[in-house]
Number of protein chains: 2
Amino acid sequence: MKGKTDRRQEIVQAAKSLFSKKGYSSTSMDEIAEKVGITKASLYYFFESKERIFAEIIEEVLAEIRNYMAMELKICKEHSRPLAEMIDRTISICLKNGIVIRSVDVKMADIHPIIFEKILPALAEAKKNLRQTLACHGVAQSELAAEVLVNSVHAYVLQRKHGIKIASQKEYSQYLASLFAK
Amino acid sequence: MKGKTDRRQEIVQAAKSLFSKKGYSSTSMDEIAEKVGITKASLYYFFESKERIFAEIIEEVLAEIRNYMAMELKICKEHSRPLAEMIDRTISICLKNGIVIRSVDVKMADIHPIIFEKILPALAEAKKNLRQTLACHGVAQSELAAEVLVNSVHAYVLQRKHGIKIASQKEYSQYLASLFAK
DNA sequence: GTCTATACACGGATAGAC
DNA sequence: GTCTATCCGTGTATAGAC
């Protein structure tokens with residue numbers, strides 16, 4: 001009925017939404033299947049395991065983030081734009097994806113080491129791009145700044161997902177920018 | 001053989017260590033029991049459920065954090081001490097406990113609402129004390145600052161636990177202080 | 001491709017002996 | 001208090017029909 005790629009993508013979307021909210025191990029294949037509107041068995045037509053779905057999500061998200069970060073670096077080099085806007089866009093991208101990938105999270109998910117090793121480079125490159133972009137915006141100690149920024153955005157997305165009261169996106173990004181700018 | 005309170009405490013310690021590293025739902029009662037050196041069944045002599053162990057850990061950690069925060073607030077009001085030192089001490093306390101409790105984490109653990117409601121006040125008070133302490137140190141927008149600080153320390157502890165390369169505690173606390181101080 | 005049925009392992013929890 | 005044995009629900013994954 002659906003194109004093969006469509007279904008795959010639906011599954012990835014459903015799983016992404018559930019993993020990001022409840023965490024990898026608390027999410028069952030049944031829940032993913034139900035969200036897609038098929039049965040659990042059908043998932044295994046597209047993916048050989050739950051871990052493989054997780055790996056695909058991570059690869060997909062990291063690819064998008066990496067592309068985005070590369071673009072931000074380019075923007076920063078060519079024009080002079082406010083840091084707050086860059087952070088605001090970063091939060092938007094992360095909210096759209098609904099999930100912020102950090103190596104700790106992957107380690108906590110207890111994903112098979114071989115899969116983990118495969119995604120490490122993408123993770124490292126995304127972080128490197130973020131660091132360079134911050135440096136380009138004149139942020140001091142960009143390594144540590146990137147660390148703080150990633151964790152702040154990670155927590156922001158999570159809290160929004162769980163309906164926990166938190167500052168507006170605009171307020172939050174301006175605050176973070178003000179921390180790094182001074 | 002052991003005093004009743006001792007065993008209870010051993011169980012709490014083992015569970016704390018495992019929950020904080022692998023997360024609540026990825027940790028099994030068997031693992032906790034093995035770490036203590038008893039069987040799973042024996043755990044149920046002391047605790048009626050896995051959730052109850054979790055609740056006890058949270059209560060214990062929050063009590064310590066709350067006391068510590070109250071002390072920091074007092075210190076700050078009476079003497080004038082560097083912010084970096086306060087942050088450094090906070091990280092030490094969190095590393096010692098091995099776990100930083102945030103409401104998102106409790107929500108993600110999918111703990112029974114009734115238990116969750118019980119710990120909410122302690123969570124709120126700890127955060128309030130942190131906010132006041134930061135304000136006392138002259139930190140602007142202390143609400144947002146507390147948010148960023150908690151998440152940074154949370155991530156720091158987690159990364160240390162998983163052996164992920166990160167700045168030294170001293171460097172990290174000084175950096176965070178420098179962000180808030182300016 | 002999607003389903004029903006099922007195999008199989010794991011995890012939480014209890015029963016009852018010692 | 002701690003154990004062995006066991007119950008039972010859930011979860012991943014597979015077999016095989018349609």
Side-chain angles (χ1 to χ4, degrees), chain A residues 1-58 105-116, chain B residues 1-58 105-116:
Chain A
M1 183 165 302
K2 300 248 180 180
K4 184 163 179 173
T5 321
D6 290 356
R7 249 314 180 236
R8 261 191 92 88
Q9 204 47 36
E10 280 183 83
I11 293 168
V12 166
Q13 286 307 318
K16 195 195 281 185
S17 152
L18 289 164
F19 288 160
S20 64
K21 178 153 187 178
K22 321 190 0 165
Y24 176 75
S25 51
S26 305
T27 303
S28 72
M29 292 295 265
D30 274 315
E31 287 173 294
I32 299 171
E34 196 192 341
K35 188 147 191 166
V36 176
I38 55 180
T39 60
K40 180 170 54 171
S42 300
L43 294 180
Y44 288 91
Y45 174 79
F46 296 96
F47 294 92
E48 70 178 1
S49 69
K50 187 184 173 188
E51 255 188 353
R52 277 264 142 241
I53 300 181
F54 190 62
E56 183 141 327
I57 288 172
I58 291 177
D105 303 316
V106 183
K107 285 220 171 184
M108 281 188 77
D110 209 16
I111 241 51
H112 194 291
I114 293 179
I115 301 183
F116 184 53
Chain B
M1 185 165 300
K2 300 246 181 182
K4 183 162 178 171
T5 321
D6 290 355
R7 246 321 176 230
R8 260 191 93 89
Q9 203 49 38
E10 279 184 84
I11 293 169
V12 166
Q13 285 308 317
K16 197 197 278 184
S17 153
L18 288 164
F19 287 161
S20 64
K21 178 155 187 178
K22 321 188 3 164
Y24 175 76
S25 51
S26 305
T27 302
S28 71
M29 293 295 266
D30 275 313
E31 287 173 294
I32 298 170
E34 197 193 340
K35 189 147 191 164
V36 176
I38 55 178
T39 60
K40 180 169 57 172
S42 299
L43 294 180
Y44 289 90
Y45 175 78
F46 296 96
F47 294 92
E48 70 179 2
S49 68
K50 187 184 173 189
E51 255 187 353
R52 276 265 143 239
I53 300 181
F54 190 63
E56 183 141 325
I57 289 172
I58 291 179
D105 304 315
V106 184
K107 284 221 170 182
M108 281 188 77
D110 210 15
I111 241 51
H112 195 291
I114 293 177
I115 300 183
F116 185 53

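Side-chain atoms are counted along with the backbone in the values below, which use heavy atoms only and exclude waters and symmetry mates. As the structure is a computational prediction, the values presented were derived from the model and not from experiment. Note on naming: letters A, B, ... go to the chains in the order of the sequence lines (proteins, then strands), and numbering restarts at 1 for each one.
Between the side chain of B/Glu51 and the backbone N or O of B/His112 there is at least one donor-acceptor pair closer than 3.5 Å. A donor-acceptor pair is defined here as one N or O able to donate and one able to accept, closer than 3.5 Å; no such pair exists between the side chain of A/Lys22 and the backbone of B/Asp110.
Atom CZ of A/Arg8 and atom P of C/dT2 are 13 Å apart (whole Å). One can place CD of A/Glu10 at 13 Å from P of C/dG1, the figure rounded to the nearest angstrom. Distance A/Glu51 CD to D/dG11 P: 17 Å, rounded to the nearest Å. If you take CZ of A/Arg7 and C1' of C/dG1, they are 9 Å apart, rounded to a whole angstrom. The distance from atom CD1 of A/Ile32 to atom P of D/dT10 is 17 Å, rounded to the nearest whole Å. Remark: C1' of C/dG1 and CG of A/Asp6 are 13 Å apart, rounded to the nearest angstrom. As rounded to whole Å, 16 Å separates atom C1' of C/dT2 from atom CZ of A/Phe47.
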Identify the pairs formed between an N or O of the protein and an N or O of nucleotides 8-12 of chain C at a distance under 3.5 Å, and give each distance.
unit_1 : atom_1 : unit_2  : atom_2 : d
C/dG12 : OP1    : B/Thr27 : O      : 3.4
C/dG12 : OP1    : B/Lys50 : NZ     : 2.8
C/dG12 : OP2    : B/Met29 : N      : 2.6
C/dG12 : N7     : B/Lys40 : NZ     : 2.8
C/dG12 : O6     : B/Lys40 : NZ     : 3.4

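Listed pair B/Tyr45 / D/dG1 meets the phosphate criterion, a side-chain N or O lying under 4.0 Å from OP1 or OP2. Between B/Ser42 and D/dG1, a side-chain N or O to OP1/OP2 separation shorter than 4.0 Å is absent.
Comparing D/dT2, C/dT4, C/dA15 against the side chain of B/Phe46 picks out D/dT2 as the nearest.
Evaluated for a side-chain hydrogen bond (donor to acceptor under 3.5 Å, both in side chains) with B/Glu10, the options B/Arg7, B/Gln13, B/Arg8 yield exactly one hit, B/Arg7.
For the pair B/Arg52 and B/Tyr44, the cation does not sit on the ring face, since its NZ or CZ is not both under 6.0 Å from the ring centre and inside 45° of the axis.
The aromatic rings of A/Phe19 and A/Tyr24 lie tilted to each other, with the angle between the two planes from 30° to 60°.
Contact between B/Met108 and A/Ser20 at its shortest, heavy atoms only, is CE-O, 4.4 Å.
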